[in-house]
Amino acid sequence: MIKIELLKVFLSVADEGSFTKAAEKLEMSNQLVSKYISQLETHLNARLFNRTTRKVSLTEAGEKCRQHAKQILENVDNLEAQFGELQTTVTGTLNISAPVSFSTLHLSKFISVFRKKYPEIELNIQLNDRKVDVIEEGFDVALRIGQLQSSSLVAKKIAPVRLVLCASPEYLIHNGTPSHPSELNPKHFLHYSYSSYDKTDNLLLNTLKSISQNKHPTIISNNGELLMAAAIAGEGYLVQPTFIAGHALRKGDLQIFLEDYEPEPIALYAVYPHRKLLSSKVRVFIDELSEFFGEKPYWDEF
């Protein structure tokens, strides 16, 4: 337990960039914080901080220690949480941020099952397709779809999400079915405004990125279901996640084309604060999500 305390003090100094600020946060004296850091450096036989009169910064050894210390303390927190809460009923309000279309089409089905199993958990679900600040806005967990950027948050993959290029059969009959991305008509691209085609070497996505930036698609929207309805009506083509398009593909209202250029699947993630103790309500929510949707989600059955 003494070593755990040393690691907690070390992380606080690393995060605050100051012995004084860390001491205030931990409600300790500066002398005790300095003593703990010295003990840890002696134990590891390494200098962890560069100290000047103006600032404190991590050494190379300090950066490595920081990574390991975070993981160690998270494991300790998880161990304490799981054993401490085994005999308690899972209760409390769970504040969730989730994408609009995914939630209306699929999360609502899950919620019904989850509530029957955990009736004591109150759910506050805010739907928004923008990237919320989980910590600043007070969310316990956020559901996000895409390729996640590195951050201070923990991300748990829930299910794969396939992206397909599709259009109505009538559109393809009238306009022809392209055999290469270069044959796509820029004016017929139905563009989802929150799409990010950065950092990809996929030819189809790079072609659509160029169209969206330089050739002005006729219809742009921040709602995938609206764009799908436009595609079904023959207005053009779009890249759509199968959790939105699956039903229309099953019915034959939409048809996939250029499958040889289909991008790698993205994923549905549950994201939660890195330093926050993973409470039982968050843990059971994430576990049940993974079990409900899984590695072969039902929306791909078409």
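These numbers come from the heavy atoms of this one structure, side chains and all, not from hydrogens, waters or symmetry mates.
Proximity of a side-chain donor or acceptor of Asn222 to a complementary backbone N or O of Tyr192 within less than 3.5 Å is not detected. For the pair Gln240 (side chain) and Gly224 (backbone), a donor-acceptor distance under 3.5 Å is present. The closest donor-acceptor contact from the side chain of Ser212 to the backbone of Leu208 lies under 3.5 Å. Remark: the backbone N or O of Val100 is paired with a side-chain donor or acceptor of Asp129 at under 3.5 angstrom. Side chain of Glu137 to backbone of Asp133: a donor-acceptor contact under 3.5 angstrom is found. For the pair Arg144 (side chain) and Ser97 (backbone), a donor-acceptor distance under 3.5 Å is absent. Side-chain atoms of Asp140 come within 3.5 Å of backbone atoms of Asn95 as a donor-acceptor pair (strictly under, hydrogens ignored). With hydrogens and angles ignored, the 3.5 Å screen pairs no side-chain donor or acceptor of Ser210 with any backbone N or O of Thr207. In this structure a side-chain-to-backbone donor-acceptor pair under 3.5 Å is present from Lys281 to Thr93. Under the 3.5 Å distance criterion, the side-chain polar atoms of Ser221 are left unmatched by any main-chain donor or acceptor of Leu227.
Ring-centre distance between Tyr298 and His106: below the 6.0 Å cut-off. For Phe139 and Tyr272, the distance between ring centers is not under 6.0 angstrom. Phe293 has its ring centre less than 6.0 Å from the ring centre of Phe102.
With salt bridges taken as basic N to acidic carboxylate O contacts below 4.0 Å, one links Glu262 and Arg162.
The side-chain heavy atoms of Glu16 and Glu24, taken from C-beta on, include no pair separated by under 4.5 Å. Looking at heavy atoms from C-beta onward, Val13 lies out of side-chain contact with Ser18 at the 4.5 angstrom threshold. Between Leu58 and Arg66, the closest side-chain pair of non-hydrogen atoms falls below 4.5 Å. Side-chain contact check for Phe302 versus His247: every heavy-atom pair is 4.5 Å or farther apart. Side-chain contact between Val164 and Thr242 is present, with heavy atoms from C-beta onward closer than 4.5 Å. Within the 4.5 Å cutoff, the side chain of Cys65 has heavy atoms near those of the Leu44 side chain. Under the 4.5 Å side-chain criterion, counting only non-hydrogen atoms from C-beta, His188 is not in contact with Glu235. With contacts defined as side-chain heavy-atom distances shorter than 4.5 Å, the pair Ile125/Leu127 qualifies.
Summarising the local packing, NE2 of His43 is surrounded by 12 or fewer heavy atoms from other residues, nucleotides or ligands at distances under 6.0 Å. Counting heavy-atom neighbours within 6.0 Å of Glu60 CD, excluding the residue itself, gives a total of 12 or less. Counting heavy atoms of neighbouring residues, nucleotides and ligands inside a 6.0 Å radius, atom CG of Asp201 does not exceed 12 of them. The local environment of CD in Glu183 is crowded, with over 12 non-hydrogen atoms from other residues, nucleotides or ligands closer than 6.0 Å. Residue Lys209 qualifies as enclosed at atom NZ: its count of foreign heavy atoms under 6.0 Å is above 12.
Atoms CD1 and CG, on Ile266 and Leu163 in that order, are 4.0 Å from each other to the nearest 0.5 Å. To the nearest 0.5 Å, atom CG of residue Leu6 and atom OG1 of residue Thr42 are 10.0 Å apart. To the nearest 0.5 angstrom, Leu73 atom CG is 9.0 Å from Asn75 atom CG.
Partners of Phe189 according to the ring pair (Phe, Tyr, Trp, His ring centres under 6.0 Å) rule, which considers only residues two or more places apart in sequence or in another chain, are His191, Tyr237.
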Tell me which donor-acceptor pairs under 3.5 Å the side chains of residues 110-119 have, and how far apart each pair is, sequence neighbours excluded?
from, atom 1, to, atom 2, distance (Å)
Arg115, NH1, Pro119, O, 2.9
Arg115, NH1, Ile121, O, 2.7
Lys117, NZ, Glu288, OE2, 2.9

